[in-house]
Amino acid sequence: MSIFDRWFQTGSRQREQIALLGKLVFPLGEGQRECIRITLHELVGARVKDEEKLFWYLCAKEAYLQKTDDGEEAAGRRAYAKLAQMHVKDPRDRQVIVALLHLERDLPSLEDFPSPQAVLARSYSEEAAGN
């Protein structure tokens, strides 16, 4: 493997890598992505495009999944800190995204995807716990 392989890939190789990344981020497929987008649209109050809210979610998810052995609470703190670092100004918006990460972590199917009301309730419990 050459140092330039990263920049000079065939179109099929690039599509393969994008598909693999999509499976890692949205293991339940495009339906999961759409459910997340709708939930963020409904609950995140920042006046930014849905694509930016989804970007916040993806960056928070990367921080959330960084370590798998340190527990849900530590993962939530990492995601919250990442969102603060990205200048997501409203703490409630950060709490909603972290609550969504907690609730959709090990979903067996899209039918079990949490409702926006469940995400909001979890975000309030996060706030009460001081996270």
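If you read the sequence from its start, that first residue is 1, and numbering goes on from there.
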(message) Under the rule for side chain to side chain contact (heavy atoms under 4.5 Å, CB included), what residues qualify as partners of Ala99, not counting sequence neighbours?
(response) Val119, Arg122, Ser123
(request) To the nearest 0.5 angstrom, please state how far the CG atom of Asp106 sits from the CD atom of Glu72. (result) 9.0 Å
(message) Can you give me the closest heavy-atom contact between Tyr80 and Pro91, atom names plus distance?
(response) OH-CB, 3.4 Å
(request) State, to 0.1 Å, how close Val44 and Val96 come at their nearest heavy-atom pair, and which atoms those are. (result) CG2-CG1, 4.2 Å
(request) State plainly whether the residues Arg78 and Asp70 are in salt-bridge range, i.e. N to O under 4.0 Å. (result) yes
(message) Could you measure the distance from the NE2 atom of His87 to the CG atom of Leu83? Nearest 0.5 Å is fine.
(response) 12.0 Å
(message) Given 3.5 Å as the limit, does a donor-acceptor pair link the side chain of Asp93 with the main chain of Gly45, or not?
(response) yes
(message) For a salt bridge (charged side-chain N to carboxylate O under 4.0 Å, His left out) check, start with the C-alpha distance between Arg92 and Asp90, then their side-chain angles and the critical distance, and finish with the verdict.
(response) CA-CA 5 Å; Arg92 287 171 288 179; Asp90 191 342; 3.3 Å; yes
(request) Could you check if a side-chain atom of Met86 sits within less than 4.5 angstrom of a side-chain atom of Lys82, using non-hydrogen atoms only? (result) yes
(message) Rounded at 0.5 Å granularity, tell me how far NZ in Lys53 sits from CG in Leu43.
(response) 9.0 Å
(request) Report yes or no: does Arg94 contribute a side-chain atom to a donor-acceptor pair with the main-chain N or O of Ala79 at less than 3.5 Å? (result) no
(request) Measure the spacing between CD1 of Ile38 and CZ of Phe113 and express it to the nearest 0.5 Å. (result) 9.0 Å
(request) Taking the side chain as every heavy atom from C-beta outward, state whether Tyr124 and Gln95 have any pair of such atoms under 4.5 Å apart. (result) no
(message) Which heavy atom of Glu42 sits nearest to which heavy atom of Pro116, and what is that distance?
(response) OE1-CG, 3.4 Å
(message) The criterion is ring-ring contact (aromatic ring centres under 6.0 Å, His included); which residues satisfy it with Tyr57, sequence neighbours excluded?
(response) none
Between side-chain atoms of residues 25-37 and protein atoms elsewhere (two or more places apart, or another chain), which donor-acceptor pairs fall under 3.5 Å?
from: Gln32; atom 1: OE1; to: Leu28; atom 2: N; distance (Å): 3.0
from: Gln32; atom 1: NE2; to: Glu104; atom 2: OE1; distance (Å): 2.6
from: Glu34; atom 1: OE1; to: Arg37; atom 2: NE; distance (Å): 3.2
from: Glu34; atom 1: OE2; to: Arg37; atom 2: NE; distance (Å): 3.3
from: Glu34; atom 1: OE2; to: Arg37; atom 2: NH2; distance (Å): 2.7
from: Arg37; atom 1: NH1; to: Asp50; atom 2: OD2; distance (Å): 2.9

